[in-house]
Structures are given as C-alpha cells and as structure tokens.
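One structure below.
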There are 4 protein chains.
Amino acid sequence: MKKGKRELILEAAVHVFSSKGYHNARMEEIAAVAGIGKGTIYEYFPSKLQLFQDMLNKSLQVYYQNFNPEEMKQLPVEQRLRIIFETHIKFCRDNKELTRLVFWDSDVFDQELREWIYTQRQEKEERVVEIIEEGMARGELRELDPMLVKVLLTGSVAAMWAPITLDGWEIAPEVLARDVTDILMNGLKK
Amino acid sequence: MKKGKRELILEAAVHVFSSKGYHNARMEEIAAVAGIGKGTIYEYFPSKLQLFQDMLNKSLQVYYQNFNPEEMKQLPVEQRLRIIFETHIKFCRDNKELTRLVFWDSDVFDQELREWIYTQRQEKEERVVEIIEEGMARGELRELDPMLVKVLLTGSVAAMWAPITLDGWEIAPEVLARDVTDILMNGLKK
Amino acid sequence: MKKGKRELILEAAVHVFSSKGYHNARMEEIAAVAGIGKGTIYEYFPSKLQLFQDMLNKSLQVYYQNFNPEEMKQLPVEQRLRIIFETHIKFCRDNKELTRLVFWDSDVFDQELREWIYTQRQEKEERVVEIIEEGMARGELRELDPMLVKVLLTGSVAAMWAPITLDGWEIAPEVLARDVTDILMNGLKK
Amino acid sequence: MKKGKRELILEAAVHVFSSKGYHNARMEEIAAVAGIGKGTIYEYFPSKLQLFQDMLNKSLQVYYQNFNPEEMKQLPVEQRLRIIFETHIKFCRDNKELTRLVFWDSDVFDQELREWIYTQRQEKEERVVEIIEEGMARGELRELDPMLVKVLLTGSVAAMWAPITLDGWEIAPEVLARDVTDILMNGLKK
DNA sequence: CATGAATGAGACTTCATTCAT
DNA sequence: CATGAATGAAGTCTCATTCAT
C-alpha cells in the first residue's frame with residue numbers, strides 16, 4: 001500500500017520541525033526526509049507556514065482520536081480524569097518529538113500565529129471544562145471556578161511533557177495518572 | 001537620570017523578542033526601539049543569540065528577586081505555596097511580555113539552546129521541590145513522589161500565564177493564589 | 001554551445017577579482033558579470049574565499065598546461081629556458097588580467113592563505129630547478145647554487161608581467177624570450 | 001626625546017598593514033599598537049587609504065636613503081650593481097615586514113591605486129636604467145635593450161624577497177650580491 | 001588636541017519560493 | 001505531476017569615520 005505524497009510530507013515535517021524548530025527547519029531537509037524533490041512539497045502545500053499549521057492540525061487530531069468522550073460519559077469524574085491523564089501521558093511517551101511542538105513551541109512567526117496556536121489549545125481544553133462542570137452538577141466535585149480548575153488541570157497535563165521527553169522520566173503511565181488524579185481529587189494535605 | 005545603554009538595549013530586547021519571537025525579531029528593530037543605531041548593539045553584545053540569552057538571564061533574576069526564601073522558612077507549607085503563587089501571578093500580570101519568553105518560548109535555535117533554557121527552568125523548580133520535601137518532613141503534606149508534586153505545581157503555575165496575558169483574565173492575584181492553593185491542598189473532591 | 005554555470009562563474013571571477021582585487025570584488029558583481037543571480041554562485045562555491053582559491057587553482061592549471069616537460073627533455077638547457085620564457089610571455093600577453101592574480105596578488109585574507117599561494121608558486125619553481133640541475137649535470141651550465149639560479153630565473157620571469165600588462169610593452173614574445181635567454185646565458189658583460 | 005604622534009602612527013601602520021594586509025588591518029588595532037586613541041589617527045591622516053599611502057611613501061624614502069648615487073658615480077658598473085643588490089638584500093633582511101608591502105602587495109583598493117604603486121616602483125627602477133645606460137656608454141656592457149635589462153635586474157632583485165623572508169634563506173648578503181652580479185655579468189653558460 | 005562611543009553603509013550569506021524541463 | 005537549478009529579498013555583522021566631551 002503506497003503512502004500518499006501528502007502523508008509522506010506531513011510525516012517528514014513532524015520529524016524535522018520537531019527536532020529543528022520551525023525557523024531552523026529547511027524545506028529542503030523536509031523534502032529529503034520525505035524522499036521527494038524540494039519542489040514537490042509546493043504541489044501539496046502553498047507555503048512553509050501552511051505546511052506547519054496543517055501538520056499541527058493533523059497532529060492534534062491524532063491526539064484527540066485517543067479520547068472517546070461518548071464512551072466515558074457514564075464514568076464518574078475521577079475516573080474520567082484519570083483516563084485523560086493516562087491517555088495524554090502515553091501519547092507523550094510514544095510521540096516525544098511531536099508533543100513538543102503541540103504543547104510547547106510558540107516562537108513561530110508572529111502574534112497572529114501564536115494566537116492561532118492558543119486557540120487550538122483552547123478547543124482541547126473545552127472538553128476538560130465540560131467534564132469539570134458535569135462533575136459539579138453531579139455533585140462529585142466542589143463548587144469551584146471552572147476556569148480555574150481547567151487551568152490547573154491542563155497546566156498539570158502540559159507540565160508532564162518535559163520530564164518525560166527531556167529527562168526520560170520513566171514512570172508507568174498508569175501509575176502517574178493514578179497519582180496525579182489522586183492528588184488533584186484529594187489534595188496534598190495530610 | 002540617564003540610563004545605561006546596555007540597560008536600554010536589554011529593555012528593548014524584551015519588548016521586541018517577546019512580541020516577535022526570537023527569529024522574527026530583527027536587530028534593526030531592537031535598535032530602533034532602544035533609540036540607538038544598529039551597530040551600537042554590537043558594542044555591548046557580541047551577537048543576537050548572546051543578547052537573547054543575556055536578556056533571558058536577567059529576566060529570570062528579576063523574577064527570582066521577588067521571592068525571599070529566608071523570610072518564608074518559618075511559615076507553614078500551605079502559606080508558602082500561596083505566596084509563591086501570588087508572587088508569580090503578580091509578576092505575570094505586571095510583565096506580560098517578559099513572562100511569555102521566560103515560561104513558554106522554546107523554538108530558539110537548536111537542541112543545545114533548548115536544553116539550556118530547560119536547565120534554567122529546572123533551577124527555579126528546585127526551590128519548589130525543597131518546599132515540598134520540607135512539608136513532608138514536617139508532616140504537613142502526605143508522603144508523595146516529590147518529582148510528581150513538583151511537576152503538578154510548576155505546571156499549574158506555568159499554565160496561569162496564558163489566560164492572564166492572552167485572554168486578559170481579570171482576577172485578583174490574591175484570590176487566584178488562595179483558590180489554587182486551596183484546591184491543591186484539599187483536592188477537588190467534595 | 002552552452003557553457004556550464006560553474007565555468008561561467010569562474011570566468012567572471014577572473015575578470016572581477018583581477019580588476020578589483022579580492023576584497024573589493026563583490027559577489028554581486030561577479031554574478032552580474034556571469035549573467036546570473038547572486039545566490040546561484042553559492043550553488044557552486046560555498047564561499048567567496050573558496051571561489052577565489054578554486055579560480056586561482058584552475059588558472060595555475062591552465063598555465064601549466066602550456067608546458068610540456070616530456071617533449072623538452074631532449075633539448076639543450078638554453079633552448080628549454082627560451083621555450084619557458086616564450087611560453088610565459090605569451091601567456092601573460094594573452095591573459096593579462098589573470099596573470100596579475102597568479103603572480104602578484106598576495107593581500108588576500110591572512111598569513112595562512114598567503115603561505116598557500118606561496119606554496120603554489122614553489123611547485124611551479126621546482127620545475128625550473130630541475131632544468132638547472134640537469135644543465136649543470138650535463139656540463140651545459142656553470143656550477144652554481146641552484147637556489148640562487150632559480151630565484152634569478154623566476155624573478156626575471158615574474159618581472160616581465162608588469163611592463164607587458166601595465167605599460168603595454170609591445171615586443172614580440174619570441175624576441176623577448178631570445179634576448180632574455182641570451183643575457184642570462186652569456187651575461188651582460190661585453 | 002619624545003616621538004611625534006605622526007611618527008608613532010606610521011610605525012604602527014607598518015607593523016599592522018604588513019602582518020594583516022591592507023584590508024584586514026583595522027584602524028583600531030593600528031591605534032592600539034601606537035598606544036593612542038582611535039580618533040587620534042584622524043588628526044594626522046584623513047583616511048585609512050591616505051595613511052597607507054603615506055606609510056608606503058615614507059618606507060620607500062627610507063629604502064632610497066640607503067643608496068648614495070653620487071658616491072657610486074666613479075665605480076664600474078659591475079661594482080655598482082653589486083652594491084645595489086647588497087643594499088637591497090640587507091634591507092629585506094632587516095625590514096622583512098615592510099618589504100612585503102613595498103614589493104609585493106597589490107590588492108589594495110582598485111586599479112587606480114595599483115597604478116600608483118606601480119609608478120612608485122618605476123621611479124626606483126629609473127635609477128637602474130641610468131646605470132645600465134651609462135654602462136653601455138662606457139663600453140662596460142653589451143649593447144642591449146635597456147628596458148629589457150631593467151626588467152631582468154629588478155625582477156631578480158624583487159624575487160629575492162620571498163625566500164629570504166618566508167623561507168628564512170640564510171645567506172650572507174655580500175655573498176648573494178656577489179653571486180647574482182657575477183651571473184648577470186657573466187652569464188650562466190659554462 | 002585627544003578620545004572612544006556611536007553610527008550606518010555595505011558585504012556576505014541563507015533559504016523559501018518559482019518555473020522550465 | 002515531479003523536479004531541482006536558479007533566484008533575490010532579507011538578515012546579521014563589520015568597521016571606517018564622526019563628533020561630543
């Protein structure tokens with residue numbers, strides 16, 4: 001089954017953008033990694049920036065495919081949070097390069113693009129807010145500012161990327177997810 | 001009161017690097033913002049990269065000056081965390097541009113520099129780990145993996161930047177710090 | 001008959017470097033003379049310095065192609081010297097610009113490069129020494145310090161460049177070569 | 001006896017221009033070597049180019065001071081040539097740096113300046129022509145094209161610079177001058 | 001007179017993008 | 001469709017020269 005050229009380019013883009021960063025990535029290298037000619041990229045993507053955005057979009061979709069909100073609807077909030085954490089951690093572990101781009105990079109082009117990336121993240125975070133609000137409605141959670149809780153949760157999630165990919169923090173995703181959920185649900189206090 | 005040229009350039013660098021990102025910032029613009037000639041920057045900094053690093057270093061120092069670890073030694077862990085959060089939030093609010101650089105940007109040059117930035121962050125985080133370990137020793141906190149707690153706390157802290165600076169989330173730093181501390185200490189569960 | 005781009009650039013480089021000198025030659029002008037874009041040069045040569053060195057090397061090769069040492073082996077030393085002189089003079093006359101670079105310029109970059117050029121010249125001069133030594137061995141020449149004779153001969157050769165190219169000294173190469181050889185062989189004394 | 005600033009600058013210029021070449025010499029370094037401020041040079045010389053030319057002029061004067069044409073008038077041509085060679089060789093040996101500039105460098109600025117340097121050299125060479133013509137008039141030399149002889153002599157002289165300064169060819173100036181004169185007067189032929 | 005901080009024109013070089021093959 | 005040779009805009013950095021002190 002031959003892979004489509006577009007697919008090939010996107011994969012190469014993930015590797016090169018991730019290891020070099022947006023500005024230090026060269027179109028020529030992406031083409032080389034994809035095993036095609038430099039000009040061919042422009043048959044599928046109008047510009048470097050668009051290639052980067054499309055790649056990011058596609059990566060976020062891959063990320064979201066891991067979650068299955070419908071299936072989780074029945075579960076209690078605590079368990080749902082744990083699943084989200086676990087899924088995220090596993091994704092980080094298995095897609096180290098890609099994760100950096102999705103959750104960290106921001107020095108790409110200008111304010112405009114930065115806000116676009118921020119918007120992308122917000123969409124993801126909406127789902128967390130939904131869970132939180134439902135948890136409160138069901139009485140499983142204390143009544144708190146949902147915005148505040150969202151920030152806490154997503155921040156915790158995002159922060160896990162660095163030690164896992166940079167330090168090689170080897171911890172079983174199941175254990176990590178369980179412990180984080182435990183702390184967030186029950187607090188640090190003895 | 002005449003400002004030193006070096007100081008002037010560093011301030012201009014914060015503005016321009018923050019709004020444009022490292023690669024899209026042009027030396028000429030930094031000079032223009034500083035109100036000096038293009039070549040003058042090179043009298044004080046040998047290269048664009050060095051200017052960026054010096055500026056980041058100085059910014060981190062400014063950030064740390066806000067914390068006074070000695071004074072806090074006597075306080076209970078909960079209160080110390082609250083002070084850290086509050087100080088951080090105020091700093092974000094008052095130095096929106098700068099904060100983005102210190103806590104977010106990572107696509108600057110190559111892997112080497114990325115690791116340098118990561119190392120800088122780790123130093124900061126060491127302080128948080130100390131507090132956590134002391135809290136456990138004193139019996140104020142549950143016995144947990146300090147690494148895990150550190151990630152949770154620093155992640156929560158870092159995550160607060162975005163809504164404050166990008167969305168203009170207007171919430172009193174005191175309230176936000178109190179609520180975050182409350183959740184982390186006592187958990188989300190009802 | 002389409003010329004290779006590389007060839008085209010080297011030719012343009014000879015013209016521009018010769019008339020402007022290394023440092024005053026601008027890459028843009030070389031490109032213009034070659035009838036190509038500025039960036040194209042860098043597809044064939046990694047830097048200005050390398051272009052200069054490659055051009056010099058190639059020029060020296062062209063110069064050496066004019067000599068055919070094997071064919072000359074049978075001739076008496078006097079005749080061989082005359083042939084060398086004549087060939088050199090004709091080359092100067094036909095490649096005025098190039099000659100200056102090969103035999104005169106030395107203020108290019110630093111000591112290191114200067115020594116490289118000097119080494120290039122020495123190789124050429126080795127051939128003269130061989131002829132001299134053979135002449136002595138055959139008894140055609142007086143017993144003299146070969147180094148001394150080499151300096152004399154190569155100096156005489158090199159010195160002919162200036163009046164020919166700068167003053168337009170119009171003298172038949174055959175006559176000039178014959179007279180120089182005559183003097184060197186038989187002396188100035190009446 | 002305090003040296004004049006102008007003198008100081010010229011001396012520094014000789015050292016720096018000689019070791020770095022015209023284009024790689026920086027005004028700041030010349031000032032440093034002279035032990036004065038960068039701006040002071042411009043009190044005495046209007047530009048880098050003028051400083052270079054003045055320095056070259058002065059150096060040529062120093063060179064000429066070594067010759068005393070009046071005293072030599074009575075001597076036979078052979079002896080006068082030997083004296084000229086010997087004086088030249090000693091000067092090379094004692095002023096290695098300076099000699100390179102005077103007799104070799106040509107990649108300074110453009111065609112115009114190159115011709116200026118060439119003119120300077122010609123003046124020097126006029127003296128040689130005079131000697132030759134006198135020698136012929138006196139019947140000490142064969143009747144030859146004086147231009148040709150001049151080229152031969154000055155070329156031989158100039159060529160001695162390289163092995164002396166670059167290779168450290170250690171030969172007594174008296175011996176070298178004697179041998180060169182001998183060859184040129186009596187020829188290479190056995 | 002002397003200085004050296006400031007300047008900005010100008011050079012080399014990179015690399016996203018185009019387009020003839 | 002695919003290619004990669006060609007392009008030139010744009011960026012960093014150097015350094016001769018100026019001028020306020």
Side-chain angles (χ1 to χ4, degrees), chain A residues 5-6 8-9 22-32 34-52, chain B residues 4-6 8-9 20 22-32 34-51, chain C residues 4-6 8-9 20 22-32 34-52, chain D residues 4-6 8-9 22-32 34-52:
Chain A
K5 283 263 167 65
R6 206 188 132 89
L8 225 50
I9 295 168
Y22 179 81
H23 287 93
N24 291 104
R26 284 180 289 115
M27 293 299 268
E28 190 149 23
E29 188 177 354
I30 294 173
I36 59 168
K38 196 177 5 173
T40 309
I41 295 180
Y42 289 85
E43 296 287 329
Y44 299 89
F45 303 91
S47 70
K48 184 183 183 184
L49 179 56
Q50 194 61 52
L51 171 59
F52 178 78
Chain B
K5 280 268 161 60
R6 207 189 133 89
L8 219 54
I9 295 169
K20 303 287 177 78
Y22 178 81
H23 288 94
N24 289 103
R26 285 183 292 114
M27 293 301 268
E28 194 149 20
E29 186 176 356
I30 294 175
I36 59 171
K38 191 178 13 171
T40 307
I41 296 179
Y42 290 88
E43 297 284 325
Y44 298 89
F45 303 92
S47 70
K48 184 183 182 183
L49 180 55
Q50 194 62 53
L51 170 59
Chain C
K5 280 269 161 58
R6 205 189 135 89
L8 218 55
I9 295 168
K20 301 289 175 78
Y22 177 80
H23 287 94
N24 290 103
R26 284 180 293 113
M27 294 300 268
E28 193 150 20
E29 186 176 356
I30 294 175
I36 58 171
K38 195 178 6 173
T40 308
I41 296 180
Y42 289 87
E43 296 286 323
Y44 298 89
F45 303 91
S47 69
K48 184 183 182 182
L49 179 55
Q50 193 63 52
L51 170 60
F52 179 77
Chain D
K5 283 264 167 65
R6 204 189 135 89
L8 225 50
I9 295 169
Y22 178 80
H23 287 94
N24 290 105
R26 283 181 290 115
M27 294 299 267
E28 189 148 24
E29 186 176 356
I30 294 175
I36 58 169
K38 195 179 4 174
T40 309
I41 295 180
Y42 289 86
E43 297 287 328
Y44 298 90
F45 303 91
S47 71
K48 184 184 183 183
L49 179 55
Q50 194 61 53
L51 170 59
F52 179 76

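Order of the sequence lines fixes the chain letters, A, B, ..., with proteins taken first and strands second; residue numbering starts at 1 for each chain.
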C:Lys48 has an atom NZ; how far is it from atom P of E:dT13, in whole Å?
8 Å
How far does CZ of C:Arg26 sit from CG of C:Asn24, to the nearest 0.5 angstrom?
9.5 Å
Between A:His23 and B:His23, what is the ring plane arrangement, given parallel below 30°, perpendicular above 60°, and tilted in between?
parallel
Contact class for D:Ala32 vs. all strands (heavy atom < 4.0 Å): base, sugar-phosphate, or nothing?
nothing
Rounding to a whole Å, what distance do you find between B:Ile30:CD1 and F:dT12:C1'?
12 Å
Rounded to whole angstroms, how far apart are CG on C:Leu51 and P on E:dT13?
10 Å
Please report, rounded to the nearest Å, how far the C1' atom of F:dA16 is from the CD atom of D:Gln50.
15 Å
How many angstroms lie between atom CD1 of A:Ile41 and atom CD of A:Glu28, to the nearest 0.5 angstrom?
9.5 Å
Looking only at the side chain of B:Met27 (C-beta and beyond, no hydrogens), which of the listed nucleotides E:dA11, F:dC13, E:dT17 gets closest?
F:dC13
Nearest-angstrom distance from the residue atom NE2 of C:His23 to C1' of E:dC12
12 Å
Heavy atoms under 4.0 Å, any strand shown: does B:Ala31 hit a base, just sugar-phosphate, or nothing?
nothing
Distance check, rounded to the nearest 0.5 Å: C:Met27 atom CE versus C:Ile30 atom CD1?
5.5 Å
Interface with DNA chain F, restricted to residues 35-47 of chain D and to heavy atoms under 4.0 Å:
D:Lys38, D:Tyr42, D:Ser47
Output the rounded distance in Å from CD1 (B:Ile9) to P (E:dA6).
8 Å
Starting at atom CD of A:Glu29, determine the distance to atom C1' of F:dG4, rounded to an integer number of angstrom.
17 Å
Within this structure, what is the CD-to-C1' distance between D:Glu28 and F:dT18, rounded to whole angstrom?
14 Å
Using modelled atom types only, decide if a donor and an acceptor are shared between the side chain of A:Lys48 and the backbone of A:Tyr22 within a distance under 3.5 Å.
yes
Flag side-chain contact, heavy atom, 4.5 Å: C:Leu51 against C:Tyr44
no
How about B:Lys20 and B:Glu29: do any of their side-chain heavy atoms sit closer than 4.5 Å?
yes
Partner of F:dT17 by Watson-Crick or G-U wobble geometry, both contacts under 3.5 Å, or none?
E:dA6
So what does C:Ala34 hit on the nucleic acid, given a heavy-atom distance under 4.0 Å: a base, only sugar-phosphate, or nothing?
nothing
